[in-house]
Amino acid sequence: MKKTNQSVILLLSILWSISTHAQSNIDIGIGSSQQDDIAIQVNYGKQLTPKFTAGLQFQYGMPNYRFISAITFQDKGYSMAINAPLLFNINSENKLQLNLLLKPGVRFQGVKPEETNNTNGDYKSTAIMFEPGLLLNIPINDKLNIQSGVTFPIIYEVVPMVLFENQTTLLHAGGNYKITNDLRVFLNGNIGSAWGASGDSQKFLWSGQMGLRWNINSSDDKPINPIVVNYF
């Protein structure tokens, strides 16, 4: 038992050491989009190496205009997405930061039985998502950073049917401002054309989000990782 306790203490000490020597951040945001009236997003990112940051992102929304198997549902139901944003720093000169974004994920959405005439259960879908792109972070001064970029979200519905649901080209723009050494406020948005389901899905998308970023173990000499806004 004593050796077990010592092993647990050693493991916790190692994890604590890694945590305290690596830069990480927590983003909490709220936004609106073409698809959701209101969506809440929480993102955790951890810089594992000087060039690589891995994260976990969760979003829950109240739909405005969404599709299940290319059939519209509006102003009812729910949407939920879980993503794993991976940021690869491919260039940092004069603190300009260019990142390659790879973001796999899964999305769940649907309408509850009481909101429809579907007596056989929930009207719902599951989809696999993948979003590659490039994001640029530009420091204006020691407090203000602006962000731009382009991403290409792809969505495949796998339940209730296999369907190429949507492909989008999104242009991103935004900024973040340092309130304290560990706290930033941010405002971001994206806009772009979309196509899918043989023309029966979204044709145009936009989203906007504002929120707070809490930096853990950050320092002024490290570039600021871009805020990853979810594809609502």
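Bear in mind the structure is a predicted one, so any value in this text is a computation, not a measurement.
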Please check if the number of heavy atoms outside I128 that lie under 6.0 Å from its CD1 is greater than 12.
no

Do the rings of F73 and Y123 sit parallel, tilted or perpendicular, given the 30° and 60° boundaries?
perpendicular

Student check: side-chain heavy atoms of [X] and [Y] closer than 4.5 Å:
| X | Y | answer |
| --- | --- | --- |
| P139 | N145 | yes |
| M80 | Y60 | yes |
| F186 | Q147 | no |
| S125 | R107 | yes |
| V159 | K124 | no |
| W214 | D182 | yes |
| L187 | Y177 | no |
| V106 | F108 | yes |

Hey, any chance [X] and [Y] share a hydrophobic cluster, counting ILVMFWY side chains that come within less than 4.5 Å of each other, even indirectly?
| X | Y | answer |
| --- | --- | --- |
| I90 | L136 | yes |
| F88 | L98 | yes |
| L212 | I146 | yes |
| L144 | I179 | yes |
| F67 | V158 | no |

Mind listing the closest non-hydrogen atom pair of [X] and [Y] along with its distance?
| X | Y | answer |
| --- | --- | --- |
| P153 | L170 | CG-CD1, 3.7 Å |
| G45 | N43 | N-ND2, 4.0 Å |
| T168 | S193 | CG2-O, 3.1 Å |
| G105 | N83 | CA-OD1, 3.5 Å |
| L86 | A54 | CD2-CB, 4.0 Å |
| A197 | A70 | CB-CB, 3.8 Å |

I need the [X] [atom1] to [Y] [atom2] distance, nearest 0.5 Å.
| X | Y | atom1 | atom2 | value |
| --- | --- | --- | --- | --- |
| Q167 | I155 | CD | CD1 | 10.5 Å |
| Q35 | S79 | CD | OG | 8.0 Å |
| I40 | Q209 | CD1 | CD | 10.5 Å |
| T126 | I68 | OG1 | CD1 | 9.5 Å |
| N89 | T49 | CG | OG1 | 9.0 Å |
| Q47 | Q23 | CD | CD | 5.0 Å |

Are a donor atom and an acceptor atom from the side chains of E165 and S201 found within less than 3.5 Å of each other?
no

Let me know which of [options] forms a side-chain contact (heavy atoms from CB on, under 4.5 Å) with [X].
| X | options | result |
| --- | --- | --- |
| H172 | T151, L101, V150 | T151 |
| P63 | I38, D36, D37, V111 | D36 |
| N99 | T53, L134, L87 | L87 |

Check for a donor-acceptor pair, side chain of R184 on one end and backbone N or O of K143 on the other, with a separation under 3.5 Å.
yes

Mark yes or no for whether Q97, through its side chain, and N137, through its backbone, hold a donor-acceptor pair below 3.5 Å.
no

